[in-house]
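Notes follow once the structure below has been shown.
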Amino acid sequence: MRHAEPKLPDRHPTVTDAPDGAEVRSIVLAEYWPVLLFIGVATGLGLVLLAIGMLVGPRRPEPEKLAPYECGFEAFEDARMRFDVRYYLLAILFIIFDLEIAFLFPWAVVFEKIGMVALIEMALFLLLLVIGFAYVWKKGALEWE
Amino acid sequence: MGEQILNQLVWPIIYILCIAVPLILAVAMFVYWERKVIGWMHVRMGPNKIGPLGLLQAFADVVKLLIKEVILPSSANRFLYYLAPLLALVPAFAAWAVIPFGERMVLSNANAGVLYLLAMTSLGVYGIILAGWASNSRYALLGAMRSAAQVISYELAMGLCLVCVLVLAGSLNLTDIVHAQAGGKGFLDWFWLPLLPVFVIYFISGVAETNRAPFDVAEGESEIVAGFHVEYSGSAFAIFFLAEYANMILVSFLASVLFLGGWLSPFQGWITADVSPWVNWIWTGGFIWLFIKAFLFAFMFLWFRASFPRYRYDQIMRLGWKVFIPIAIAWVLVAGCMKYFGWVSIGTGV
């Protein structure tokens, strides 16, 4: 197994540590540069695999083989048909609720520092969320039949 | 200058390969293990011809896939068709950058680790949608629509589960989340106990997010043949396969880190003896514990597949929206109260 690099700080800085701009930049670089590299390596891996497949594999195209698969029937001219509006509705609901969850993340992190006020505020926030959720439910947006 | 390149580029890439290469091997062995386990559960042998006990089966499959033709359907969009497998693979691998394998054994100890993970696991759905769209095939499009709707629905439940963990741990950093589960009561200090419903929801959502049985309507062989990747063959298909299994292993590791104390020992605090470095990890904790826990979760994926019939699509949506999300929202408040009134001990044993 691999051992972590020694140049990293023991703990990540908290608000009270108040590092200056240059320090923050160097920490961000030290922590997120490997992440960026990893994305690069993963992309490279995918490209290499695709390239191997194209170079090593045969290439013998013929019209029947290249037709879209429809269990042996003649394919319709284009598969990009209309689809159920529910998928669209669901995507909109997802954006709303996911955004609410994104708001909960910072709350969860600083919850300990703020205490009771945070708990009450979040109870109110969740109450609003639940009212919206109940409305959506009542309106039947969550029904699939 | 040379030293800087070494520190900034060469070492990180070596670390990255130390994660990525074992991950690829783990996927290969996991595929073999899946076929073997499901074989046993069906009272069959499973693969047993290639290599001792069939161990080389997965490698033979890889070679076979790589030397097959990559077919580009005539009506497909060439660029998107080849981009889709990459978009599926990259997040499934890049997410591993922030997983802590042990004390200070982490590639990137990023503060926003959980946020990054949420972003990466969300990106995977683009590969599926693009694959379905670019193939220009009805089965593929149907599979992609189903999969997208299912993944985003369960992502909400998953996000709310993460919020519960964050409330207790008070940090987005995965190493801190593991530290918050340290204590003197062994495995009772881990978050699975105060967050039990959320723990169950998280893992089931993880199964749904990776489109695995019993939530595999996106690729249900018996109805829409293979869903979004029906038109893919050869190495392009292999990439989707690799991404799906890497995601399953990722969910197993995440469930272990978030709820089962990561590398911590289930006997933490019970034994304090100092015998030898070779056996001390059994009670002081080490990456082997993380691997054991992740293996158990990975095994559950296979067990589910062999045990449960496929859900109907409306049942999947009902479970996600009408059962998991309300419970998870309620548990966010419960977790807040637990933390505020000190009903759980957080990180007493660091």
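In what follows, chains are A, B, ... by sequence order, proteins preceding strands, each numbered from 1. Computed over heavy atoms, backbone and side chain alike; hydrogens, waters and symmetry mates excluded.
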Inset, instruction - Hey, can you tell me if Tyr154(B) and Phe324(B) have their rings parallel, tilted or perpendicular (30° and 60° cut-offs)? - result: perpendicular
Inset, instruction - Determine, using ring centers only, whether Tyr32(A) and Tyr116(B) are less than 6.0 Å apart. - result: no
Inset, instruction - Would you please indicate if the ring centroids of Phe111(A) and Trp107(A) are separated by under 6.0 Å? - result: yes
Inset, instruction - Check each atom of Ile24(B) against the heavy atoms of chain A and say whether the ones under 4.5 Å are side chain, backbone, both or neither. - result: side chain
Legend entry - Residue Leu162(B) versus chain A: region with a heavy atom under 4.5 Å: side chain
Legend entry - Structural part of Val41(A) lying under 4.5 Å from a heavy atom of chain B: side chain
Legend entry - is_close_aromatic(Phe38(A), Phe93(B)), centroid dist under 6.0 Å: no
Legend entry - Engaged part of Lys68(B) at the chain A interface, taking heavy atoms whose separation is under 4.5 Å: backbone
Legend entry - Interface moiety of Ala238(B) toward chain A, non-hydrogen atoms closer than 4.5 Å: neither
Inset, instruction - To the nearest 0.5 angstrom, please state how far the CG atom of Leu65(B) sits from the CD1 atom of Ile67(B). - result: 9.5 Å
Inset, instruction - Go through the atoms of Leu86(B) and report whether side chain, backbone, both or neither lie under 4.5 Å from a heavy atom of chain A. - result: side chain
Inset, instruction - Select one option (side chain, backbone, both, neither) describing which atoms of Ile325(B) are under 4.5 Å from chain A's heavy atoms. - result: side chain
Inset, instruction - Return the option, out of Gly113(B), Ala330(B), Ala94(B), with the maximum number of heavy-atom pairs under 4.5 Å with chain A. - result: Ala94(B)
Inset, instruction - Give a yes or no answer on whether the side chain of Ser135(B) reaches the backbone of Ser137(B) with a donor-acceptor pair at less than 3.5 Å. - result: no
Legend entry - Engaged part of Ala112(B) at the chain A interface, taking heavy atoms whose separation is under 4.5 Å: both
Legend entry - Ion pair check, Glu112(A) and Lys339(B), cut-off under 4.0 Å: yes
Inset, instruction - Would you mind checking which part of Trp96(B) comes under 4.5 Å of any heavy atom in chain A, side chain (CB onward), backbone (N, CA, C, O), both or neither? - result: both
Legend entry - Heavy-atom proximity to chain B below 4.5 Å, by part of Phe133(A): side chain
